[in-house]
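Inspection log for the structure reproduced underneath, given as structure tokens.
Along the sequence shown, residues are numbered consecutively beginning with 1. All values below come from the heavy atoms of this structure, side chains included, with hydrogens, waters and symmetry mates left out.
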Amino acid sequence: MAKSIVIAERDNIAAVFEDNKCTEFFIHRGDILLGDVYMSKVENILPSIEAAFVNVGSDKMGFLHAADVIGKGGLQDKLSPKQRLMVQVVKEPTGHKGPRVTTSISLPGRFLVLMPQETGVSVSKKISTPKERARLKSIVNLLKPVGLGIIIRTEAEGQSEAEIQEDLEILLEKWNTIVTQAELVNAPNLLYRDQDLLYRVIREACDENTKEIVVDTPFALHRTQQLIQNWNLSKDIELSVYKGTEPLLVASGVKKEIMAALQTKVNLPSGGYLFIQTTEALTVIDVNSGKFISSATQDETILKTNLEAVHEIARQLKLRNIGGMIIIDFIDMLSRADKIAILEEMELAIESDKAKPQVGQLSDLGLVEMTRHRQGQSLAEVFGKKCSHCQGTGFVIEEMNFSSAVAEGEYRSKVAKLKLPMSGNHGKHKPQYPDKSNNKVFNHQNTNENNKKNNRRNANAEVVEQEAENIQENAQLTETPAQKKQKPQRNSRKRTNRNTKKEAIQMVEELLENKQEEAVIEQPKVEEPKQETPAPEVETAETQPQEPQTPAEENNSEVPAKKTGKGKPRRATRTRRKSSEKAEKAKKTENEEKTEQKVEE
């Protein structure tokens, strides 16, 4: 398995590739980082939860559990308010939670881990040879100062005494610097931070499988050569400095891997895919077969998809730095042998993970529970931020505009004032409202009466609007071309439509007013007593054909008729006028009857 490492000190980001696949990121970003040592001040002691909150100089208080405080007795016996206390960050702040700290300081090296507050020597369980374990333990017991604890790492296997002694001296120098700095500064303050990204990456990731290391500066190349030489690492490692025009992270594909690791959907090689979603309480991973249909049977397809998902899940957990509770929903398997094979493959896939994942049993529903130690911020917390619109929920809540009785009453009153003529008021719009004291929701009688009145008002409003539209259409049809030319041009079509609609409504209201007045006043008309023209003569005059007259004859006949009030020309003209008036009245009456029928409907 060929391994290559890309280190960009300018961006404080490094990546590890195994078989051309990115397996791990090293990122140094944030105000509070994993492994920082602070001189803090105790702010609150809470015996109810057996914890204390300490001020480390940040907006969020550090959480210190009673189990992380060295000493005997209760929490109140160990700590007191405003006490100066040296602590180390074991979990970076996430979301709204502050950092978790401990009083047990640990300084990691290449081969050893220094524990100043503890005593004794421990050897890594991965060193299985009893003879090698005894040799390393005896060397460290002779070298270490009294009162300090040492943990021998797996990388110390096969190393000489001189190399182990050199590593121990570096760690002791760091601890002495921290103790000296703690006596000089005021709380809260930062005492130590492992800011050397290059040192950390080579210490944690470089091993015998590493074939290439790419850095972005000549100074980083020089330091890498020194570290590899001092730690007796493989001499076959190829070291190089990137000299391209593009950024190192873009040219090497690290940016592309970061963007892919921030997505929810992850594709599998055979056509399946994963859905990875992180919540406040846990992380859920769903396995789907997708387009994978190349197997002969369904059971074989499910098994191959789940096996591919196991290796991809182990890689994604390291890439995204996911910690806490993790639930994996595998595709349901009927065979017990397939279930055992999935659990065994899962244990092998997470063996190289330094966050110490623990896998539970596979349930009947195909769910696997596992936990992973949280180390620093996740990838989404480093490169992402909450949406300003949805606040991280993924959806935006629409405005809920609910109607109320007051708003509905105001709307109806406006409609009544603008459009509805009230009977008996000669066209004046005076809407009548019931007494507010009687207008209660639980008074069923008043409610029914109000509903009936509102229905009548709505019906009248609809009739008025319909008549206004009919009048507007008739006016447009009967309009002559000369009248159209005389009309002034409007700049806005909306204003023209609004004005014509208002005029149409006014015409309908005037028509209704005339109807109401004529209904009261109208009586059968009788001819004036002064006129002595008998009814038979009027009928004969109407039926007799009119002979054409010359202008001279018309003048001669009209002059004496004016003086005497008698004469056939006078009677014929008067009869024609009466017949036209009757025709107009008949048309008007028909229109009024149609309007009245529509209003009654």
[X] atom [atom1], over 12 foreign heavy atoms within 6.0 Å:
X: Lys255; atom1: NZ; result: no
X: Phe275; atom1: CZ; result: yes
X: Asn176; atom1: CG; result: yes
X: Gln298; atom1: CD; result: no
X: Gln229; atom1: CD; result: no
X: Glu369; atom1: CD; result: no
X: Gln358; atom1: CD; result: no
X: Asp31; atom1: CG; result: no

Could you state the interatomic distance from [atom1] ([X]) to [atom2] ([Y]), rounded to the nearest 0.5 Å?
X: Met346; Y: Ile328; atom1: CE; atom2: CD1; answer: 3.5 Å
X: Glu300; Y: Ser335; atom1: CD; atom2: OG; answer: 12.5 Å
X: Thr264; Y: Ile276; atom1: OG1; atom2: CD1; answer: 8.5 Å
X: Gln225; Y: Arg223; atom1: CD; atom2: CZ; answer: 12.0 Å
X: Leu107; Y: Glu173; atom1: CG; atom2: CD; answer: 12.0 Å
X: Glu118; Y: Ile70; atom1: CD; atom2: CD1; answer: 6.0 Å

Side-chain donor/acceptor of [X] to backbone N/O of [Y], under 3.5 Å:
X: Asp216; Y: Arg10; result: yes
X: Lys137; Y: Asn141; result: no
X: Asn12; Y: Ile27; result: no
X: Ser40; Y: Leu85; result: yes
X: Thr129; Y: Lys131; result: no
X: Thr23; Y: Val16; result: yes
X: Asn55; Y: Gly57; result: yes
X: Asp167; Y: Phe111; result: yes
X: Asp68; Y: Leu64; result: no
X: Arg320; Y: Ala380; result: no

query: Going through the distances and angles, do Tyr192 and Ile105 end up as a side chain to side chain contact (heavy atoms under 4.5 Å, CB included)?
result: CA-CA 11 Å; Tyr192 168 77; Ile105 310 297; over 6 Å; no
So [Y] and [X], do their side chains get closer than 4.5 Å, heavy atoms only?
X: Leu191; Y: Met86; answer: yes
X: Thr217; Y: Leu221; answer: no
X: Val101; Y: Gln88; answer: no
X: Val284; Y: Asp329; answer: no
X: Leu112; Y: Arg153; answer: no
X: Met333; Y: Ile342; answer: yes
X: Ile150; Y: Leu114; answer: yes
X: Phe395; Y: Cys390; answer: no

Looking at [Y] and [X], is any side-chain nitrogen of the basic one under 4.0 Å from a carboxylate oxygen of the acidic one?
X: Asp236; Y: Lys211; result: no
X: Glu204; Y: Lys354; result: yes
X: Glu308; Y: Lys304; result: no
X: Arg135; Y: Glu132; result: yes
X: Arg193; Y: Asp36; result: yes
X: Lys3; Y: Asp19; result: no

- request: Consider only side-chain N and O atoms of Glu312 and Gln316, and report whether a donor and an acceptor are under 3.5 Å apart.
  value: yes
query: Do the side-chain N and O atoms of Thr305 and Ser289 include a donor-acceptor pair separated by under 3.5 angstrom?
result: no
Which heavy atom of [X] sits nearest to which heavy atom of [Y], and what is that distance?
X: Asn267; Y: Tyr273; answer: OD1-CB, 3.9 Å
X: Val214; Y: Glu212; answer: CG2-OE2, 3.4 Å
X: Ser104; Y: Met115; answer: OG-CE, 3.9 Å
X: Ser106; Y: Pro108; answer: O-CD, 3.7 Å
X: Ala187; Y: Arg84; answer: N-NH1, 3.6 Å
X: Leu274; Y: Ala309; answer: CD2-CB, 3.8 Å

Test side chain to side chain contact (heavy atoms under 4.5 Å, CB included) applied to Val368 and Gln361, step by step: CA-CA 6 Å; Val368 174; Gln361 295 181 351; over 6 Å; no
Residues forming a ring pair (Phe, Tyr, Trp, His ring centres under 6.0 Å) with Phe63, sequence neighbours excluded: Phe53
- prompt: So Glu9 and Val215, side chain to side chain contact (heavy atoms under 4.5 Å, CB included) or not? Walk me through it.
  reply: CA-CA 8 Å; Glu9 282 193 315; Val215 295; over 6 Å; no
- prompt: Taking it one step at a time, do Lys60 and Lys97 satisfy side chain to side chain contact (heavy atoms under 4.5 Å, CB included)?
  reply: CA-CA 7 Å; Lys60 300 176 181 178; Lys97 296 181 180 179; over 6 Å; no
- request: Please lay out, stage by stage, how His65 and Arg100 fare under the test side chain to side chain donor-acceptor pair (under 3.5 Å).
  value: CA-CA 8 Å; His65 195 265; Arg100 182 165 182 172; 4.7 Å; no
